[in-house]
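This structure is a prediction, so every number in the text was calculated from the model and none was measured. Any value given below was found using the heavy atoms of this structure, including those in side chains, with hydrogens, waters and symmetry copies removed.
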Amino acid sequence: MKLSDFDYHLPEHLIAHKPLDDRSASRLLVLDKNTGGIQHSQFSQIIDHLTENDVLVFNQTRVIPARLIGQKTTGASVEVFLLKEQTLDTWECMVRPAKRLKK
C-alpha cells in the first residue's frame, strides 16, 4: 500500500469548515466489510452498527490551516502541510513529493 492510494479529489463545497452545533447529527458512512455495501447514517446511531468484538478508536487531533505550496528551481511543484510546531522555528510536517525533496 502506498500513501498515494489515499489521494483523491474532494470538491471545496464538500469540506466542512466548522463542526455542526449538534455534533451527534454528523453524517456517518457505514461500510459492510463482508458485502462491500455502503449505508448512510448519523453518528448518533453508531451504536447500531457496532458489535461486541469491535474496537472504537477516538482521534482527537486538530488540524490547522497551514498548507504551503511552492515550486522547486526545476519548476516542479512542492506541497508542505504543517502539522505541529516543535520549537519557535521548527515544524513537524508532511511534504509531497517527499521522496524527491532535498533539504
Side-chain angles (χ1 to χ4, degrees):
M1 184 178 295
K2 296 182 277 183
L3 185 59
S4 61
D5 292 341
F6 297 97
D7 286 342
Y8 59 92
H9 173 71
L10 181 61
E12 183 70 26
H13 71 277
L14 294 177
I15 300 173
H17 296 280
K18 62 183 182 103
L20 296 174
D21 290 333
D22 178 9
R23 300 291 292 270
S24 66
S26 296
R27 294 186 295 173
L28 179 67
L29 179 78
V30 181
L31 171 67
D32 185 319
K33 67 180 180 179
N34 296 320
T35 67
I38 294 176
Q39 180 182 0
H40 297 275
S41 186
Q42 287 189 313
F43 188 78
S44 60
Q45 298 170 333
I46 193 169
I47 196 71
D48 298 337
H49 304 286
L50 299 174
T51 66
E52 65 182 38
N53 294 323
D54 289 336
V55 175
L56 191 59
V57 178
F58 292 91
N59 179 350
Q60 296 180 338
T61 58
R62 298 189 180 264
V63 176
I64 58 172
R67 187 177 305 269
L68 308 173
I69 306 296
Q71 195 171 35
K72 294 170 34 173
T73 56
T74 62
S77 185
V78 176
E79 180 180 357
V80 178
F81 186 61
L82 302 177
L83 300 173
K84 183 178 177 184
E85 189 173 17
Q86 301 293 327
T87 65
L88 184 60
D89 61 353
T90 305
W91 282 78
E92 177 182 339
C93 60
M94 292 189 305
V95 180
R96 187 174 20 187
K99 292 179 185 174
R100 298 178 297 254
L101 191 62
K102 296 177 184 174
K103 257 186 171 180

Legend entry - V78 versus P97, closest heavy-atom pair with distance: CA-CD, 4.4 Å
Inset, instruction - Taking all heavy atoms of S41 and all of H49, pick out the closest pair and write down the distance. - result: OG-NE2, 3.2 Å
Inset, instruction - Might you point out which heavy atoms bring S77 and I69 nearest each other, and give the distance in Å? - result: OG-CG2, 4.2 Å
Inset, instruction - Considering non-hydrogen atoms only, spot the tightest contact between T35 and D32 and give its length. - result: N-OD1, 3.2 Å
Inset, instruction - Give a yes or no on whether L50 atom CG has more than 12 heavy-atom contacts from other residues, nucleotides or ligands under 6.0 Å away. - result: yes
Inset, instruction - State the CZ-CD distance between R96 and E79, to the nearest 0.5 angstrom. - result: 4.5 Å
Inset, instruction - Look up atom CZ in R67 and atom CE in M94, then write down how far apart they are to the nearest 0.5 Å. - result: 7.0 Å
Legend entry - D48 CG to S44 OG distance, which is reported to the nearest 0.5 Å: 8.5 Å
Legend entry - Shared hydrophobic cluster for V30 and F58 (ILVMFWY, side-chain gaps under 4.5 Å): yes
Legend entry - Shortest non-hydrogen contact from D54 toward T51: OD2-N, 2.6 Å
Legend entry - L29 and L31, any side-chain heavy atoms less than 4.5 Å apart: no
Legend entry - Nearest-0.5 Å distance that lies between atom CD1 in I15 and atom CG in L10: 4.5 Å
Inset, instruction - Could you tell me whether F43 atom CZ has more than 12 heavy atoms of other residues or ligands within 6.0 Å of it? - result: no
Legend entry - Nearest-0.5 Å distance, NE2 of residue H9 to CG of residue L14: 8.5 Å
Inset, instruction - For atom CG of L88, decide whether the heavy atoms of other residues, nucleotides or ligands shown that lie under 6.0 angstrom number more than 12. - result: no
